[in-house]
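Following: one structure in structure tokens, then a few remarks.
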Amino acid sequence: MTSAYGRILALRGVSLHVPRGEIVALVGANGAGKTTLLRVISGVQPFLAGHIRLAGEPIERLAAHRRVAKGIVHVPEGRQVFGPLSIEDHLRLGAYLRRDAGIAGDMARVYALFPRLRERRGAAAGTLSGGEQQMLAIGRALMGRPKLLLLDEPSMGLAPVLVDEIFDVILRLKTAGITVLLVEQNAVAALAIADRGYVIETGRIVHVGAGRALLEDPAVQASYLGL
Amino acid sequence: MAEFLQFCFSGLTVGSVYALVALGFTVIYNASNVVNFAQGEFVMLGGMVTVALLAASVPLPVAGVAAVFVAALVGLALHRLAIEPARGSSPVELIIITIGASIFIRGVAQVVFDKQFHKLPAFSGDAPIHMLGATILPQSLWVLGGAGAIVIGLHLFSEHTLVGKAAAATAANRLAARLAGIDTTAIVSLSFALAGAVGAVAGILITPITLTSYNAGTLLALKGFAAGMLGGMGKPLGAVLGGLLLGLAEAFGAGYVSSAYKDGIAFIVILVVLLSLPQGLLGKHSAERV
């Protein structure tokens, strides 16, 4: 894929594969193109050339909301909650395109995953703490029954104990059969739970491999892990 | 006392219309951040289309409903043809587009209809109702009741329907709304159609009292805007409050000072609000944590 903001190329011929049921981590410095890549996949960022396939089906021409219907759900960077709306409203809106009977059951499952959200379910999202907003953003995405969940910097700005909790949740999502593409600045934590990892640098993939293998790769360690 | 009550009645009647115009502004502003200065044209279309259909022997209720649909369609067309293609433009550019659209709609109305003033028959007679020494027209009760029904209807729509919540989500965070699967372009289109319908209802209700013509919308848009500013742009309750207060201020100003200044009061309100409380009466009590 290739994508640009105005005339500035943000992605230059990036190619990656996210196998079903795995956690794939995408790591790299600020401005490397990680967020752009997720935005291109979810359809909120126009791109110049390339193909995106979900289980073999081309989706690059679909509008963002049609991709959600196909099971690609994106939790954007910085959480992006609907300030005045309640937690319950967020979860209901996460299932906006669904017409099935499982919505109430899924809401109960999200509350079981994040008991804190149940306690404050009537509260306006704008009044929640950063950690609660992150849980809410993930919970809202889960209500869309994602096949592929795109997570953009879920640990950003959170206290270490919350970071652990979020990563724990990501592992549980994998157990539940959800495929995850995880973008993180916290590269060590991300690669530690990832089946596969990609390292991106100024719009290009520069390393690829199993998560553990990348963690131990001296070149990756030196440039990206600060070890 | 009777005089005071009389001014109250007329102020609340015309204030209800300002409130509906301000609500039209609010509906569009909340979904898209566009200040739509063609809002007054929806009011004009409501009155003029009803007048034209009535002249073609269509019964009043049918003509009214048809006029609401016409205004809603014009709202849709305004969004699809003028606002959506300019997506990403600055607020000032979008405002200028809506001003251009309002001039265009007025021009077309002048050609399709005419340049005369028109009246609609009052819905339930012209016999004034006497109350505590003052009188109120039955049509005023229609205006108050109709405005109340629309306010309640819009509230139920936004608080108790999924599409209403989706509109609130689109207003709060368009990106997140798209990522939740909401077709935000369709939601904004819907808000323009809704604003068109609300404006048309205001036009139909008030025409038996104030007459209408192809350019009746201009002043109404400015007054509705003043009402919206007074209440706090983007606040439905503020729109209602601002509309009623502006109507009352006009009625008392015209009654106790001079009717020559009646139309000036809205502009004094705009100036005072901009200078002393730019957020409006209900302000923006935003509960965002960043």
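Quick note on labels: first sequence line is chain A, next is B, and so on, each numbered from 1.
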In terms of heavy-atom contacts, does NZ of Lys174(A) have more than 12 from other residues, nucleotides or ligands at under 6.0 Å? yes

Using heavy-atom distances under 4.5 Å, tell me whether Ala171(B) contacts chain A through its side chain, its backbone, both, or neither. neither

Establish, from distance only, whether the side-chain atoms of Arg80(B) and Ser189(B) form a donor-acceptor pair under 3.5 Å. yes

Max heavy-atom pairs within cutoff under 4.5 Å with chain B, candidates Leu93(A), Leu97(A), Val73(A), goes to Leu93(A)

Side-chain heavy-atom pair Arg120(A), Thr127(A) within 4.5 angstrom cut-off: yes

Below 4.5 Å, heavy-atom pairs only: which of Thr185(B), Leu175(B), Thr184(B), Val163(B) has the largest tally toward chain A? Leu175(B)

Between Glu184(A) and Ser155(A), is any side-chain donor less than 3.5 angstrom from a side-chain acceptor? yes

Of all of Ala176(B), Ala166(B), Ala168(B), Ala180(B), which one pairs up most often with chain A through heavy atoms under 4.5 Å apart? Ala176(B)

Counting heavy-atom pairs under 4.5 angstrom with chain B, the leader among Val75(A), Leu85(A), Leu150(A), Val44(A) is Val44(A)

Any Lys/Arg nitrogen of Arg92(A) or Asp89(A) sitting under 4.0 Å from an Asp/Glu carboxylate oxygen of the other? no

